[in-house]
Asker: 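My structure is below; once you've seen it, I'll send some questions.
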Number of protein chains: 2
Amino acid sequence: MNIGDVAERSGLPAKTIRYYEDIGLVKPLRSANGYRSFRDRDVHKLAFLGRARALGFSIEDCRNLLKLYEDDGRTSAEVKQIAEVQLDRIDRKIAELTEMRATLAHLVDACAGDHRPDCPILADLAAKEEEIALLNEAG
Amino acid sequence: MNIGDVAERSGLPAKTIRYYEDIGLVKPLRSANGYRSFRDRDVHKLAFLGRARALGFSIEDCRNLLKLYEDDGRTSAEVKQIAEVQLDRIDRKIAELTEMRATLAHLVDACAGDHRPDCPILADLAAKEEEIALLNEAG
DNA sequence: GATAGGGGTTCCACTTGATGGAAGGTCAAT
DNA sequence: ATTGACCTTCCATCAAGTGGAACCCCTATC
């Protein structure tokens with residue numbers, strides 16, 4: 001199968017598939033004309049990668065998950081551990097964003113958004129210099 | 001003021017400050033010995049940048065916010081608009097992560113995490129190939 | 001005067017995960 | 001023969017820094 005078909009079937013752009021070959025995630029064969037020739041196995045792997053990436057796993061995680069996927073001697077504990085670490089990363093990211101959101105929403109709410117220059121958003125961004133200065137004086 | 005002091009006061013690493021100069025966010029003077037010489041104004045700007053970045057604003061947003069900050073003729077509407085777009089980005093990101101989290105948490109929950117190879121996580125990542133295949137047959 | 005340390009400087013490479021584009025080869029059909 | 005849709009490689013670019021090498025500056029101490 002040529003890269004175009006694989007792209008369609010796996011849902012990944014051809015460019016991405018080439019990139020994945022480049023970094024050693026898939027190793028398609030080559031036809032006589034130099035075109036990449038993908039086996040079903042390669043297509044499966046790419047679809048797997050697409051899913052794993054959609055869950056936010058890093059490329060390195062994907063590499064490891066793929067290895068486990070193809071290793072009959074794996075234990076589900078190994079897989080679970082990778083997933084748990086990722087779950088934790090997601091949780092921390094969500095917490096971080098939620099905090100940002102709260103602060104920003106508060107500021108947006110306080111801002112008139114009119115023709116005047118007075119703006120609590122800018123005021124807040126600027127004011128914190130002093131907080132930092134105070135912190136440093138204290139510390 | 002030298003870069004080390006500024007780093008401490010603004011809370012930004014010296015490397016980052018140099019980088020910010022590089023991309024034109026701050027323009028410190030130079031002492032006779034070639035050292036960067038930061039005025040209070042520069043330190044304020046850097047602290048401002050630190051805060052804005054902490055709220056997730058992109059460097060380009062920061063550039064614009066800084067411009068507005070220094071422009072007496074600004075309107076709060078301009079500022080608010082940038083902030084609202086950012087708020088929206090955060091919301092979309094949170095939604096995306098929340099969905100990832102739900103899927104992943106479900107899978108982690110279903111996985112025994114023991115010595116056996118059977119793993120719902122891998123099964124899920126692999127199974128979706130077929131969904132895609134079906135989707136493609138249908139479409 | 002030499003030297004050690006703790007600043008500072010520049011510049012280049014690397015990170016993550018692709019993506020865009022140029023220049024050119026291949027293939028099927030007209 | 002030539003169009004158009006494929007495919008190939010390679011190089012550059014994005015965000016937002018970070019790490020490190022090689023080298024300069026300044027002060028204090030021996």
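Below, chains carry the letters A, B, ... as their sequence lines are ordered, and counting in each starts from 1.
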Asker: Please determine whether a side-chain nitrogen of the Lys or Arg among A:K67 and A:D71 lies less than 4.0 Å from a carboxylate oxygen of the Asp or Glu.
Answerer: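 Judged by the 4.0 Å cut-off on N to carboxylate O distance, A:K67 and A:D71 do not form a salt bridge.
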Asker: In a check of ring-ring contact (aromatic ring centres under 6.0 Å, His included) between B:F48 and each of B:Y69, B:F57, B:Y20, which one passes?
Answerer: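 Passing option: B:Y69.
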Asker: Rounded to whole Å, how long is the line connecting atom CD1 of A:I59 with atom C1' of C:dT19?
Answerer: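 About 14 Å, once rounded to whole Å.
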Asker: I need the full list of side-chain hydrogen bond (donor to acceptor under 3.5 Å, both in side chains) pairs touching residues 98-112 of chain A, with sequence neighbours left out, sorted by first then second residue.
Answerer: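 Passing the test, one end in residues 98-112 of chain A: A:R101-B:D91.
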Asker: Write down the distance between CG (B:L55) and P (D:dA16), rounded to a whole number of angstrom.
Answerer: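 Rounding to the nearest Å, CG of B:L55 and P of D:dA16 are 14 Å apart.
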Asker: If you define the side chain from C-beta out and look only at heavy atoms, does anything of A:L125 sit under 4.5 Å from B:L55?
Answerer: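 Touching, per the 4.5 Å side-chain cut-off.
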Asker: Just to verify, which of B:T16, B:L12, B:I59 counts as forming a side chain to side chain contact (heavy atoms under 4.5 Å, CB included) with B:R53?
Answerer: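 Single side chain to side chain contact (heavy atoms under 4.5 Å, CB included) partner of B:R53 among B:T16, B:L12, B:I59: B:I59.
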Asker: If I take atom CE in residue B:M1 and atom P in nucleotide C:dG7, what distance separates them, rounded to the nearest angstrom?
Answerer: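 Roughly 16 Å, once rounded to whole Å.
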Asker: Whole angstrom is fine here: how far is it from OH in A:Y35 over to P in D:dC7?
Answerer: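 A:Y35 atom OH is separated from D:dC7 atom P by 7 Å.
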Asker: Distance check: side-chain N/O of B:R36 vs OP1/OP2 of C:dT10, anything under 4.0 Å?
Answerer: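 True: B:R36 side-chain N/O within range (under 4.0 Å) of C:dT10 OP1/OP2.
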Asker: Which residues within residues 12-33 of chain B lie with some heavy atom under 4.0 Å of an atom in DNA chain D?
Answerer: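 When residues 12-33 of chain B is checked for heavy atoms under 4.0 Å from DNA chain D, the hits, listed by number, are B:P13, B:K15, B:T16, B:Y19, B:Y20, B:N33.
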Asker: Check the distance between D:dT8's P and A:N2's CG and give it to me in whole angstrom.
Answerer: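 Rounded to whole Å, this separation is 7 Å.
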Asker: Just the rounded figure in Å: distance from C1' of C:dG17 to CZ of A:F57.
Answerer: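 Checked: the CZ to C1' distance equals 17 Å.
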Asker: Could you pick out which residue, B:G4 or A:E60, lies toward the 5' side of DNA chain C when each is mapped onto its nearest nucleotide?
Answerer: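 Here B:G4 is the residue nearer the 5' end.
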Asker: Send over the distance from B:D61 CG to D:dC14 P, rounded to a whole Å.
Answerer: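 Rounding to the nearest Å, CG of B:D61 and P of D:dC14 are 17 Å apart.
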Asker: I need the CD1-C1' distance between B:I3 and D:dC24, as an integer number of Å.
Answerer: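 Atom CD1 in B:I3 sits about 15 Å away from atom C1' in D:dC24.
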Asker: Is the number of heavy atoms from other residues, nucleotides or ligands within 6.0 Å of CD (B:Q81) greater than 12?
Answerer: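 No, not enclosed.
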